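Following: one structure in structure tokens, then a few remarks.
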Amino acid sequence: MEFIYYGHSCFQIELGGKKLLFDPFITPNPLSQSISLDSIEADYILLSHGHADHVADLVPIAQRTGAMVIANFEISEWAKAQGIEQVHGMNFGSTNFDFGKLVMVPASHSSSLPDGSYGGQPGGYIIQTDGFGFYFAGDTGLIRDMELIPLYGPIDLAVLPIGGNFTMDVEDAARAADFIQCRRVVGVHFDTFPPIKINSQAAIEHFASKEKELIVPKIGERLNFDR
Ligand code: NI
Ligand code: MN
């Protein structure tokens, strides 16, 4: 599985033969100015919730790529109102796509859209495909619901927020990794804004002290993960 980091909580994975882009937020991010929006490819764009730091670049990327947008029902209706035609609205539950089985699971956060309208419930996504288990938590605090995630199958890679303040911090992300039963985590949602600046080396060492691996990606970095 290939993972490309675009900064904040925006990343692309290639899984089940498809390119899946999550939470596009690049042009407003001062740390992501090295990323060209037009270079980003996507077959699907998945949104965790409606906050601007997760949807800001949705419309131009969706329109250029023709990618199918997957989001909760309220955000999917908002996306249609922005002129995006390929939209799949869902809610907590699972469905099958050509890239694998997708499960939308709860996150503990909030979800208003950039125009202030209601953004439905914030969520995360599990994908199980070709024997690979992937989980993206979205923006969330630590919740016991994460203990349900391995019931869908083992998680080989989890993408968790680690910046604190708006989401889990590093210590809670390590606790989440226990709940998920996953020892390999990519951290996101850090350093973008002053309240979420972290010490990356200390974060990596904290995970190591719990016998887990934390990857703190660099913007533009490509990583490859096996099972
Ligand atoms: Ni948020
Ligand atoms: Mn956020």
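Just so you know, these numbers use all the heavy atoms, side chains as well, and skip hydrogens, waters and symmetry mates. We count ligands from 1, going down the list as the structure has it; atoms in each ligand are counted the same way. Predicted model, so just to flag it, every value in this text is computed and none were measured.
Considering just the N/O/S atoms of H54, the one nearest the Mn ion (ligand 2) carries the name NE2. Considering just the N/O/S atoms of D139, the one nearest the Ni ion (ligand 1) carries the name OD2. The N, O or S atom of D139 lying closest to the Mn ion (ligand 2) is OD2. The closest approach of D53 to the Mn ion (ligand 2), by N/O/S atoms, is made by OD2. Restricting H109 to its N, O or S atoms, the one at the least distance from the Ni ion (ligand 1) is NE2. Nearest to the Ni ion (ligand 1), among the N, O or S atoms that H51 has, is ND1.
A distance-only check finds a donor-acceptor pair linking the side chain of D156 to the backbone of G133 [under 3.5 Å].
Distance CZ/F3 to CZ/F134: 7.0 Å, rounded to 0.5 Å.
Annotation for K197: atom NZ counts as buried by contact number, over 12 foreign heavy atoms lying within 6.0 Å.
Distances from the Ni ion (ligand 1) show that H54 has no N/O/S atom below 2.8 Å. Contact annotation: H189 places an N, O or S atom under 2.8 Å from the Mn ion (ligand 2). Distances from the Ni ion (ligand 1) show that D53 has no N/O/S atom below 2.8 Å.
Taking all atoms of both residues into account, the shortest heavy-atom contact from V55 to H49 is CG1-O, 3.5 Å.
Salt bridge status for D178 with R175: absent, with no side-chain N to carboxylate O gap under 4.0 Å.
A continuous path of ILVMFWY side-chain contacts below 4.5 Å connects I143 to Y125, so both sit in one hydrophobic cluster.
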